[in-house]
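Quick note on labels: first sequence line is chain A, next is B, and so on, each numbered from 1. Remember, it's a predicted structure, so these values are computed and weren't measured experimentally.
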Amino acid sequence: MTRPWCGPSQTLCILIALVIVSSSGTAQAQAQAQARPQAFITNQGDNTVSVVDINTHTTLKTLLVGKEPAGISVCADGKNAYVSNPGDGTVSVIALPSLKVVDTIPVSDGPLAIVCDEKLLFVADWYNNTINALARSTLKQVGAIAAGRAPSGLALDARRNRLYVTNRDDDTVMEIDTDSLQLLRTTQTGHKPWGITLSPRLRHLYIANVQDNSVSVVDASSMKHLAQIPVGERPYAVSFALEGSRALVSNQYDNSVSIIDTESMKVESVLEVDEYPEGVNTLPDDRHVYVANWFSNTVTVIDARKSEIVATIEVGDGPRAYGNAVNP
Amino acid sequence: MFRFQFRSSTTLIFSVLVLLSAVTHAHGPTRQKVTESVSINASASDVWAVIGDFDRAHEWLPMVTDSKAEGGNTKGATRTLVLGPGVEIHETLKKHSDETMSYSYKIPVSTHDVNILPVNNYSSTLSVKSDGDGSVVTWKGAFYRGYPNNDPPPELNDEAAVAAVTGVYQAGLAHLKDMIENP
């Protein structure tokens, strides 16, 4: 093995090799470091997104997007965040890590739930009962999936090419193949299912049933409804923490978050947050959780391990952060 | 002022012809919110004595002629605010605390007529806090517009919902202040 730049000194060779490796590694690490420690909080009332530094729990930047932003999806590749704007039927595209709004495109009448995989962006339309699939590279529509009535939540299993959709006015959850864009199976949920999140370990779908104050647990493999867990009033969204052992559920009308032990499928504690909590997002440390309080214009930071509130962040008007709001 | 408002809303009820599907329970995609406050030259506990009972809203809300209530101040208690003959709003108590001097209630969708109040999924909190020698009453509402689908008629859109709730809160709080300060 010849390395012309090594010369006689093995030490120098190693040093040079180290410098080369570490400099390319540093560039990559920098890009990741810039992209990573942020949460994107959609503020419905002032048409902005608050970009929050998740290490310091402070707002870094406020981005102007479309009208009444609600849904958010920060892609797993860390290249983009997409925001649904139901007020004007558009999607705003945020480039990462530059934090620039690079595009705002018309999509449909009432876009709400939104999620991206490596290539596609899925946007559920509340009025038209469809899920539009757009190519991330061109932002052009490449397909549409007929959903149930009032599709309101999306969860993606990118590794298995599966998309799960809650249909609020049908009380169902649908399983969709993201390659063929075909509907595979449909399962009954509780009453008025809204936020849906897939648990990392057991692959259970936790679904907040807004009007019967419960969370449905559906096995994503069998699409069988396993359990219905009573929570607070008007549950909205769910996020998992501590390797999927806990599920945190926002209860809009109770101004609280229920923490479910996913093994026993029982609520083990309830934390009081600010008013009308909506989007729930777990930070990359898998321990701290952001809860957007729509009425109070704040984000509550919960330590899931200690089951306590550790900080409250002021954001814009009407924060929702509905979807995946945090860099993976 | 209230009489005028009430008459105009009655006119609205009978003049607006909106065909809504009786079975739809959907709502617009974005919830609206309203917060109104008033400073009152009386202690918080004196004000709470007037507004604190869920079943006595008719005693201080100008637009309400009568209130039929069941369940007192316990969670799940109900009240019917009578605004006129056959013009009623049905509300349910969610939370009540004499300690924090606040209560929260909602209007269940199943019994609500958007022609009376152009909102859906309405929920609200009324509270009073001490402020110097006096107090501040805050009334907060969260709701969707009256027309659940796309392209709402102007009288059932987001702006109409916010305007209607704002009007009720402002008139109610102004009347309350007047009632307490100028008995």
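When B/Gln32, B/Lys106, B/Lys33, B/Lys94 are compared by the number of non-hydrogen pairs under 4.5 Å with chain A, B/Lys33 comes out ahead.
Residue A/Arg234 touches chain B through its side chain alone, counting heavy-atom pairs closer than 4.5 Å. With a threshold of 4.5 angstrom between heavy atoms, B/Lys95 approaches chain A through side-chain atoms but not through N, CA, C or O.
Taking both residues in full, the closest heavy atoms of A/Thr62 and A/Thr59 are given as OG1-CG2, 4.0 Å, listed atom of the first, atom of the second, then distance.
By the 4.0 Å N-to-carboxylate-O rule, B/Lys68 lies close enough to B/Glu88 to be salt-bridged with it. With respect to B/Arg79 and B/Asp55, no salt bridge is recorded, no charged nitrogen being found less than 4.0 Å from a carboxylate O. Classification of B/Lys140 and B/Glu36 as a salt-bridged pair fails, no side-chain N sitting under 4.0 Å from a carboxylate O.
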